[in-house]
Amino acid sequence: MSSRRLSESFFLGPDVVEISRKLLGKVLCSRSPSGRITGGVIVETEAYAGAGDRASHAFGNRRTGRTAVMYRRGPVAYVYLCYGLHWLFNIITNVEGVPHAVLVRALQPVRGAALMARRRGLDKGDPRVASGPGAVSRALGISSAHSGESLLGRRVWVERGRSIPPDMVCSSRRIGVSYAGRDARRPWRFFIRGNACVSRRDLNRNYENN
DNA sequence: CAGCAGATTGACT
DNA sequence: GTCAATCTGCTGC
């Protein structure tokens, strides 16, 4: 049987915006310390385009304790604490020294959905289980311990899933980056049209036609 | 060292 | 719609 996992080459391309779009429909999975696997179809992403992107933690090649892993060769996880309480999960792409990242903003649970719902304190099937970047990490059991982890390893990885027809892919400006000047308006958020698990659906109407 | 903003979420008016 | 929870890193005194 051939591996369902995406291989390293998928993540090493030079265009993180394209990778962000192509991750829609893929399946993000994690394994808990006790061996339980949870995962969901990626239905919403955002691209953060490195040193030249004012919205990125790596703008201007800034380096801090938490952003060090952004400069590693992809694919590795970059997980950081937002507002002091939410873990946000990113996939670092490209070669060493180029801090490209894709934020995974929403999943549709497909493996271990009951456990994902329990971690969130919601009923299985509730579309909010992994809707929003903080919810994604919580549903998958991801925290700072995963930052720097290779996505080719045993704790967190991405599987092939199925391809999404181009006419089902919508884009918009990224959420919550109004501080980023002209980069705030770049259409680097991608989501699957009409999918119930996509976050901030109140903002999506204007973009449904792409 | 104090103050503040932030790639968010959920509870409450 | 408003607001608090609570950590990291930046700015300015």
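The figures here come from the full heavy-atom set of this structure, side chains too, leaving out hydrogens, waters and symmetry mates. Letters A, B, ... are given to chains in the order of the sequence lines, protein chains preceding strands, and every chain is numbered from 1. What you see is a predicted model; the values in this text were computed from it and never measured.
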Starting at atom [atom1] of [X], determine the distance to atom [atom2] of [N], rounded to an integer number of angstrom.
X        : N     : atom1 : atom2 : value
A/Leu203 : C/dG1 : CG    : P     : 11 Å
A/Arg128 : B/dT9 : CZ    : P     : 12 Å
A/Trp87  : C/dT6 : CH2   : P     : 14 Å

Next item on the list: Give the dot-bracket string for DNA chain B, reading 5' to 3', where a pair is Watson-Crick or G-U wobble with both distances under 3.5 Å, ( ) marks pairs inside the strand, [ ] marks pairs crossing earlier ones, | marks a partner on another strand, and . marks unpaired.
Entry: ||||||.|||||.
Next item on the list: Sticking with atom C1', work out how far B/dG10 lies from C/dT8, rounded to a whole angstrom.
Entry: 22 Å
Note to self: Measuring only the P atom in each nucleotide, how far is B/dC4 from C/dA4? A whole number of Å is fine.
What the structure shows: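 Approximately 14 Å lies between the P atom of B/dC4 and that of C/dA4.
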Does [Y] have [X] sitting over its ring (NZ/CZ under 6.0 Å from centre, angle to axis within 45°)?
X        : Y        : value
A/Arg189 : A/Phe191 : yes
A/Arg63  : A/Tyr71  : yes
A/Arg174 : A/Tyr48  : yes

Notebook entry, point to check: What is the nucleic acid contact for A/Arg173, judged by heavy atoms within less than 4.0 Å: base, sugar-phosphate only, or nothing?
Noted result: nothing
Notebook entry, point to check: Using a distance-only test with no angle check, is there a side-chain donor-acceptor pair under 3.5 angstrom linking A/Thr38 and A/Arg111?
Noted result: no
Check: What string of B, S and - do you get for nucleotides 3-8 of chain B, 5' to 3', when a contact is any protein heavy atom under 4.0 Å?
Finding: ---BBB
Check: According to a 4.5 Å side-chain heavy-atom criterion applied to Ile, Leu, Val, Met, Phe, Trp and Tyr, with indirect links allowed, do A/Val177 and A/Ile91 form part of one hydrophobic cluster?
Finding: no
Next item on the list: Consider only side-chain heavy atoms of I, L, V, M, F, W and Y, link residues closer than 4.5 Å, and tell whether A/Val41 and A/Val169 are in one cluster.
Entry: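 As far as the 4.5 Å side-chain criterion goes, A/Val169 and A/Val41 are connected within one cluster.
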Item checked: Carboxylate-amine/guanidinium contact A/Glu149 A/Arg155, below 4.0 Å -> yes
Margin query: Go through it in stages, so that I can follow the logic: the residues are A/His57 and A/Tyr80, the test is ring pair (Phe, Tyr, Trp, His ring centres under 6.0 Å), and I'd like the CA-CA distance, side-chain angles, deciding distance and then a yes or no.
Written below: CA-CA 10 Å; A/His57 291 163; A/Tyr80 74 94; 4.5 Å; yes
Next item on the list: Tell me whether the OP1 or OP2 atom of B/dT9 has a side-chain N or O from A/Arg138 closer than 4.0 Å.
Entry: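 The answer is no; no side-chain N or O of A/Arg138 sits under 4.0 Å from OP1 or OP2.
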